[in-house]
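Note: hydrogens, waters and symmetry copies are ignored here, and every other heavy atom, side chains too, is used.
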Amino acid sequence: MKLISRLFLFSLFISVISCNNSVEQKRPISSEEKTQSLDSIYTEDVTFESEGIKLAGTIYSPKNPHLAVVIVHGSDRVPRRKEFAKLLAQNDILVLTYDKRGVGESGGVYAGPEVGTNNISIDNLNLLAKDANSAVNLIHKKERNLPIGLVGASQAGWIIPIIANKNPLVEFMVLFSSPTITTLEQLRFQFYTNGRTDFWKNHTEEDAREHIKNDPDRYQFEATDPKEVLKNLSIPGLWLFGEKDIQIPTKICIEHLNTLKLKNKPFEYVLFPSLGHNTNKTEPIEISINWMKQKSLNIKNRKKQKSN
């Protein structure tokens with residue numbers, strides 16, 4: 001890539017990033033290259049057990065993978081994310097994606113926002129974490145020498161830290177539009193915004209903070225606080241936020257991450273001013289891919305130094 005292109009991409013990145021370390025941008029893959037790389041990706045349908053039930057998924061294997069990831073679900077009725085997995089595999093990432101518990105070909109009982117707040121109960125979040133943990137163990141058996149990470153969105157922000165805290169095979173994590181607030185705080189904010197896409201045009205940050213702090217809880221259950229787990233982690237993490245999000249209060253989440261960063265946690269974040277809760281867009285994905293590759297290279301180099 002020519003120097004002028006690199007400078008342009010770097011300046012574009014700086015305009016949206018709100019973290020200490022920049023993430024190198026790469027040249028987008030052309031349509032022809034995508035076709036060629038898709039032809040070279042091997043797919044394998046797999047099943048694996050978790051807590052007495054079978055989960056079904058697909059492993060996408062490029063010819064020369066640099067790293068491996070497991071895709072962790074959000075709160076909805078999510079089958080395996082084939083298109084996202086293909087995109088990652090095109091970028092030399094080995095991927096395992098699976099049908100969520102109770103969805104598609106996977107066994108078990110689905111618990112989601114359509115069927116009540118048991119969706120974000122401690123029991124359900126821990127159960128989903130066990131499912132993803134089994135997926136991590138499976139992909140490790142597939143490629144034992146690759147750094148393994150977790151990639152997820154939204155509700156995965158509560159699940160991924162649980163897995164990473166329990167399974168030393170997890171060496172990095174990427175979280176799209178994921179909360180660092182508690183489950184009860186998230187519900188307070190979500191009820192306040194009530195799905196209104198114009199919410200931030202009519203409310204201030206102070207309004208939202210006051211409501212989250214003082215609004216009575218509509219449901220009484222024990223809250224999950226991801227900060228309690230994140231403070232125990234030492235693996236790199238990247239959060240990607242949309243400033244117009246009406247599902248999670250991104251600026252409060254960023255403050256939490258900054259507090260953790262002051263305690264030397266290797267956490268980074270990117271804030272996209274024009275995006276809402278859906279950060280599954282080209283630029284955030286490209287940034288996350290380049291970040292994962294860089295962190296994986298660092299992990300490999302560190303392991304080499306230890307072995308010498």
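Geometric assessment of R218 against the ring of F191 yields a positive cation-pi assignment under the 6.0 Å and 45° thresholds.
Ring pair Y98/F48: centre-to-centre distance below 6.0 Å.
Taking the six-membered ring where the residue is Trp, Y269 and F241 present tilted rings, their angle falling between 30° and 60°.
For the atom pair CD1 of I120 and OG1 of T224, the computed distance is 8.0 Å after rounding to the nearest 0.5 Å.
By the rule that hydrophobic residues join a cluster once side-chain heavy atoms approach within less than 4.5 Å of another member, F199 and F272 end up as members of separate clusters. Two different hydrophobic clusters hold I181 and L184 under the rule that ILVMFWY side chains link at heavy-atom gaps under 4.5 Å. A chain of hydrophobic side-chain contacts below 4.5 Å, direct or via other Ile, Leu, Val, Met, Phe, Trp or Tyr residues, connects V46 to L150. In this structure, I252 is not a member of the same hydrophobic cluster as I248, with clusters built from ILVMFWY side-chain heavy atoms closer than 4.5 Å. Both Y219 and W158 sit in one connected hydrophobic cluster of ILVMFWY residues. Membership requires side-chain heavy atoms under 4.5 Å apart, directly or through other members.
The shortest distance between side-chain heavy atoms of M173 and L238 does not fall below 4.5 Å. Looking at heavy atoms from C-beta onward, I53 lies in side-chain contact with R101 at the 4.5 angstrom threshold. T180 places a side-chain heavy atom less than 4.5 Å from the side chain of W239. Between D123 and L127, every side-chain heavy-atom pair lies at or beyond the 4.5 Å cut-off. The closest side-chain heavy-atom distance from I148 to H140 is below 4.5 Å. Counting heavy atoms from C-beta on, the side chains of V95 and I71 come closer than 4.5 Å. By the 4.5 Å heavy-atom criterion applied to side chains, R188 and D217 are counted as neighbours. Residues F176 and S288 are in side-chain contact: their nearest non-hydrogen atoms beyond the backbone lie under 4.5 Å apart.
Environment of CG in N64: sparse, with no more than 12 heavy atoms of neighbouring residues, nucleotides or ligands closer than 6.0 Å. When the shell of 6.0 Å around NZ of K227 is examined, it contains more than 12 heavy atoms from other residues, nucleotides or ligands. Within a 6.0 Å sphere centred on CG of N194, heavy atoms belonging to other residues, nucleotides or ligands number more than 12. Within a 6.0 Å radius of CD in E222, no more than 12 heavy atoms belonging to other residues, nucleotides or ligands are found.
If you run side-chain contact (heavy atoms from CB on, under 4.5 Å) between I160 and each of V174, L175, L230, only L175 comes through.
The closest donor-acceptor contact from the side chain of N278 to the backbone of N280 lies under 3.5 Å. A donor-acceptor pair is defined here as one N or O able to donate and one able to accept, closer than 3.5 Å; such a pair exists between the side chain of N124 and the backbone of N119. Checked by atom type and distance alone, the side chain of D207 never pairs as donor or acceptor with a backbone atom of H203 at under 3.5 Å. W200 places no side-chain N or O within 3.5 Å of a backbone atom of E205 that could act as its donor or acceptor partner. The closest donor-acceptor contact from the side chain of S296 to the backbone of K293 lies at 3.5 Å or more, if one exists at all. K100 contributes no side-chain N or O that, together with a main-chain N or O of P79, makes up a donor-acceptor pair within less than 3.5 Å. Here the side chain of K231 pairs no donor or acceptor atom with the backbone of L260 at under 3.5 angstrom. Under a 3.5 Å cut-off, the side chain of S106 and the backbone N or O of A56 do form a donor-acceptor pair.
Closest of all the heavy-atom pairs between G242 and T250 is O-CG2, 3.1 Å. The shortest heavy-atom contact between P179 and C253 is CA-SG, 4.0 Å. Taking all atoms of both residues into account, the shortest heavy-atom contact from S61 to I59 is OG-CG2, 3.5 Å. For the pair A129 and I163, the tightest heavy-atom approach, listed with the atom from each and the gap, is O-CG1, 3.5 Å.
Checked by atom type, the side-chain pair N290/E286 shows no donor-acceptor distance below 3.5 Å. If you check the side chains of N232 and N165, you find no donor sitting under 3.5 Å from an acceptor. Side-chain atoms of S177 and T279 include a donor-acceptor pair closer than 3.5 Å. Defined by atom type and a distance below 3.5 Å, a donor-acceptor pair is present between the side-chain atoms of T58 and D45.
Ion pairing of E210 with K213 is absent here, as no side-chain N (NZ or NE/NH1/NH2) approaches a carboxylate O to less than 4.0 Å. Checked for salt-bridge contact, E185 and R209 miss the test: no charged N lies under 4.0 Å from a carboxylate O. The residues D99 and R80 are annotated as salt-bridged, a charged nitrogen and a carboxylate oxygen being separated by less than 4.0 angstrom. Salt bridge absent: E171 and K300 never bring a charged side-chain N and a carboxylate O closer than 4.0 Å. Using a 4.0 Å cut-off between charged nitrogen and carboxylate oxygen, K251 and E243 count as a salt-bridge pair.
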* To do: Just do the side chain to side chain donor-acceptor pair (under 3.5 Å) check on Q305 and N301 with the steps written out, would you?
  => CA-CA 6 Å; Q305 291 174 357; N301 289 337; over 6 Å; no
